[in-house]
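Everything numeric here is computed off the predicted structure, so don't read it as measured data. Below, each value reflects all heavy atoms present in this structure, side chains not excepted, and no hydrogens, waters or symmetry copies.
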Amino acid sequence: MPVQALDLPAPDALQRAVQARLPGFAHVQWVASTGSTNADLLARARHGRGLKPWLLGAHLQEAGRGRAGRPWQNRSGATLMFSCAFDVRLPPAQLPALSPLAGLAACEALRRLSGHAGVCVKWPNDVQWHDAKLAGVLAETTRNPDGDGYTVVIGMGVNLRDADTLSASLGRAIADWTQVEGGGRVTEAADIVQAAALAWQQAVADLEQQGFAAFVERYASADALAGRAVNVIDRGEVLHAGQAAGVDVMGRLRVRCDAGLVSVSAGEISVRAQP
């Protein structure tokens with residue numbers, strides 16, 4: 001039987017559904033269109049506007065961004081896009097761990113919803129369906145204006161449809177939610193939003209209390225790159241080539257190279273599995 005794509009309700013209806021599922025969030029909003037939900041929440045945080053957590057979703061992002069500031073294309077109704085903002089109190093050296101943390105928490109949330117172990121995370125924070133990208137995650141931070149810690153804004157775009165078209169246009173494997181759910185649609189858009197938002201909230205709290213060391217084994221259970229040959233590429237240059245060996249207690253990717261084990265930090269570095 002053909003699988004129906006998950007349809008997005010109207011923005012106001014989706015806002016009400018998400019608000020009902022997230023009573024502990026101080027601010028929940030869903031709009032038809034904006035530039036970037038991450039940028040909007042970062043701007044709000046820099047003005048110190050009230051208690052957190054916050055959630056902002058949009059049917060269309062006119063200036064969506066991926067890692068390293070890359071533009072991110074979308075069309076209304078084809079992608080479920082939203083961002084959450086949380087207060088976080090961490091030493092600056094631990095802030096980069098928020099990126100793999102956000103990807104892992106999103107992966108675990110979508111695994112629980114779908115019941116499929118084929119949902120995995122590619123370091124630092126892409127959520128994949130087997131080897132095809134299902135969702136992109138972006139974590140950004142800004143110092144709170146009162147000097148008390150930081151605000152972390154975590155955004156995600158989950159492909160709901162168009163996987164075949166996107167795969168052809170981008171020249172790489174793209175997945176969507178119809179492939180994950182298989183024979184029947186049982187998940188509502190608000191369920192996905194709730195699952196990810198609560199997973200991020202708990203993960204950030206756990207990171208504050210326990211550090212990323214508490215997530216190393218969990219990451220290993222969802223790691224799409226574990227044991228695979230990889231290239232670490234920065235600005236078109238191969239910096240390291242070797243075998244992916246999980247993550248360390250700072251959330252950095254470990255790569256076993258000829259020269260030994262190296263740790264790679266999140267940032268403008270991309271990791272690509274070799275054929």
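Taking 4.5 Å as the limit, some side-chain heavy atom of Q179 sits within range of a side-chain heavy atom of W129. Counting heavy atoms from C-beta outward, F86 and V153 have side chains that stay 4.5 Å or more apart. Contact of the V232 side chain with the V238 side chain is not registered, since no non-hydrogen atoms from C-beta on lie closer than 4.5 Å. Counting heavy atoms from C-beta outward, L98 and L207 have side chains that approach closer than 4.5 Å. Residues V247 and R252 have side chains not in contact (no heavy-atom distance under 4.5 Å, counting atoms from C-beta outward). Counting heavy atoms from C-beta on, the side chains of L22 and Q194 come closer than 4.5 Å.
Between R228 and D131, at least one side-chain nitrogen of the basic residue sits less than 4.0 Å from a carboxylate oxygen of the acidic one, meeting the salt-bridge criterion. Using a 4.0 Å cut-off between a side-chain N of Lys or Arg and a carboxylate O of Asp or Glu, D191 and R21 qualify as a salt bridge.
Counting only distance, with no hydrogens or angles, the side chain of N144 and the backbone of D146 share no donor-acceptor pair below 3.5 Å. The backbone N or O of G251 sits less than 3.5 Å from a side-chain atom of W123, completing a donor-acceptor pair. Listed for the N38 side chain is a donor-acceptor partner under 3.5 Å among the backbone atoms of G155. Formation of a donor-acceptor pair under 3.5 Å by the Q128 side chain with backbone atoms of V121 is not found in this model. Remark: side-chain polar atoms of R111 are paired, donor with acceptor, to backbone N or O of V119 under 3.5 angstrom. Within the 3.5 Å criterion, the main-chain N or O of L134 finds a donor-acceptor partner in the side chain of N159. Distance alone, capped at 3.5 Å, is enough to place a donor-acceptor pair between the S169 side chain and the L166 backbone. Proximity of a side-chain donor or acceptor of E208 to a complementary backbone N or O of R89 within less than 3.5 Å is detected. Proximity of a side-chain donor or acceptor of H116 to a complementary backbone N or O of V180 within less than 3.5 Å is detected. A distance-only check finds no donor-acceptor pair linking the side chain of D162 to the backbone of T165 [under 3.5 Å].
Nearest approach of S36 to A39, heavy atoms of both residues: OG-N, 3.1 Å. Shown here for F25 and Q201, the closest heavy-atom pair between the two residues is CE1-OE1, 3.8 Å. Between A106 and V127, the shortest heavy-atom distance links the atoms CB-CG2, 4.1 Å. Of all the heavy atoms in Y150 and R143, the pair that sits closest is OH-NH2, 2.8 Å. In terms of heavy-atom proximity, A58 sits nearest to T37 at CB-CG2, 3.9 Å. The minimum heavy-atom distance between A222 and C120, with the atom names listed, is O-CB, 3.2 Å.
Atom-to-atom distance recorded for D234:CG and H240:NE2 is 9.5 Å, nearest 0.5 angstrom. The distance from the CE atom of M156 to the CG atom of D126 is 12.0 Å, given to the nearest 0.5 Å. In this structure, CD in Q94 is found 11.0 Å from CZ in F212, a value given to the nearest 0.5 Å. Rounded to the nearest 0.5 Å, atoms CD (Q29) and CG (L14) are 12.0 Å apart. To the nearest 0.5 Å, atom CG of residue L253 and atom NZ of residue K122 are 10.5 Å apart. Between the CG atom in N125 and the OG atom in S99 there is a gap of 3.5 Å [rounded to 0.5 Å].
Remark: Y219 engages no residue in a ring pair (Phe, Tyr, Trp, His ring centres under 6.0 Å) (not counting sequence neighbours).
Using bins of under 30°, 30° to 60° and over 60° for the plane-to-plane angle, the ring pair H59/W30 lands in the perpendicular bin.
At least one test fails for R161 against the ring of W177: distance under 6.0 Å to the centre or angle within 45° of the axis.
Within 6.0 Å of CZ on R256 lie no more than 12 heavy atoms contributed by other residues, nucleotides or ligands.
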Item to check | Pair L160-T79, side chain to side chain contact (heavy atoms under 4.5 Å, CB included): steps then yes or no | outcome: CA-CA 5 Å; L160 301 180; T79 311; 5.6 Å; no
Next on the checklist: Evaluate S33 against E62 for side chain to side chain contact (heavy atoms under 4.5 Å, CB included), listing each step before the verdict.
Outcome noted: CA-CA 7 Å; S33 177; E62 302 285 355; 3.3 Å; yes
Next on the checklist: side chain to side chain contact (heavy atoms under 4.5 Å, CB included), that's the test. Do H27 and R44 meet it? Break it down for me.
Outcome noted: CA-CA 11 Å; H27 175 82; R44 181 184 178 95; 3.8 Å; yes
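With no hydrogens or angles considered, no side-chain donor-acceptor pair links S263 and R254 at under 3.5 Å. Side chains of D176 and T178: a donor on one and an acceptor on the other come within 3.5 Å.
Shown are L56, T151, L55; of these, the side chain to side chain contact (heavy atoms under 4.5 Å, CB included) with L41 is made only by L56.
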